[in-house]
Amino acid sequence: DVKVTQSSRYLVKRTGEKVFLECVQDMDHENMFWYRQDPGLGLRLIYFSYDVKMKEKGDIPEGYSVSREKKERFSLILESTSTNQTSMYLCASSLWGEQFFGPGTRLTVL
Amino acid sequence: GNSVTQMEGPVTLSEEAFLTINCTYTATGYPSLFWYVQYPGEGLQLLLKATKADDKGSNKGFEATYRKETTSFHLEKGSVQVSDSAVYFCALRGGKAAGNKLTFGGGTRVLVKP
């Protein structure tokens, strides 16, 4: 079974702090994605990556950056958190077709 | 660009009732269509999919038919159980030019009462 793990289930941070969210997949997938999930808005794509060291902006990249130094690992970085970044963050990976999701990280910014 | 519209919830129904969640889409080309389900406290998991017009996806008693003429992919289940309580997302993947990105609807929360 494909497994996608995320480094934390819950995080609470103060405005202005730096946050790293890490995602690891164990199926040698080339494609990895970061989404945020907000009520009524569904999932919105922040960034994605088709290969190591490669990244592309999604629909809402402002305030975020990413890093993919190894194929299995895709990190989402919030350089200086703001309250409007309080959300559920979901990571996914795929080879082609179905995306496999991690359990999510619920981030609260106070 | 691509977009997906699904009915807003929450949808509350009794066990053994019939469930329909409407989903319509806008896309260029020939998208693939998906339904994902998110159980409480978990990530999303694929429920079913259809890759071309008139295909029917099915899984766990759920069905959805890809209707190109009405640009729809409505989800149905004939007799729901309490364990079907979850949030359901309709999604599409565009053609090759769109890469492997998915576009999601807003999600529909379903609550099944015993």
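Order of the sequence lines sets the chain letters (A, B, ...), proteins ahead of strands, with each chain counted from 1. Just so you know, these numbers come straight off a predicted model, no measurement behind them.
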Worksheet item: Quick one: what part of B:Gln6 sits under 4.5 Å from any heavy atom of chain A, side chain, backbone, both or neither?
Response: neither

Worksheet entry | Portion of A:Arg44 that has a non-hydrogen atom of chain B nearer than 4.5 angstrom | neither

Worksheet item: Judged by atom type as modelled, is there a donor-acceptor pair below 3.5 Å linking the side chain of A:Arg9 to the main-chain atoms of B:Gly41?
Response: yes

Worksheet item: Based on non-hydrogen pairs under 4.5 Å, which of A:Gln37, A:Met88, A:Arg106 is most in contact with chain B?
Response: A:Gln37

Worksheet item: Of all of A:Leu43, A:Leu90, A:Leu45, which one pairs up most often with chain B through heavy atoms under 4.5 Å apart?
Response: A:Leu43

Worksheet item: So, A:Phe101 versus A:Phe33, ring centres under 6.0 angstrom or not?
Response: no

Worksheet item: Does a donor on one side chain sit under 3.5 Å from an acceptor on the other, for A:Ser49 and A:Arg68?
Response: yes

Worksheet entry | Part of A:Gln6 within contact of chain B (heavy atom distance under 4.5 Å) | neither

Discussion item. Tell me if the CD atom of B:Glu42 is crowded by more than 12 foreign heavy atoms within 6.0 Å.
Written reply: yes

Item to complete: For this output row, return yes or no: ring centroids of B:Phe104 and A:Tyr35 closer than 6.0 angstrom.
Response: yes

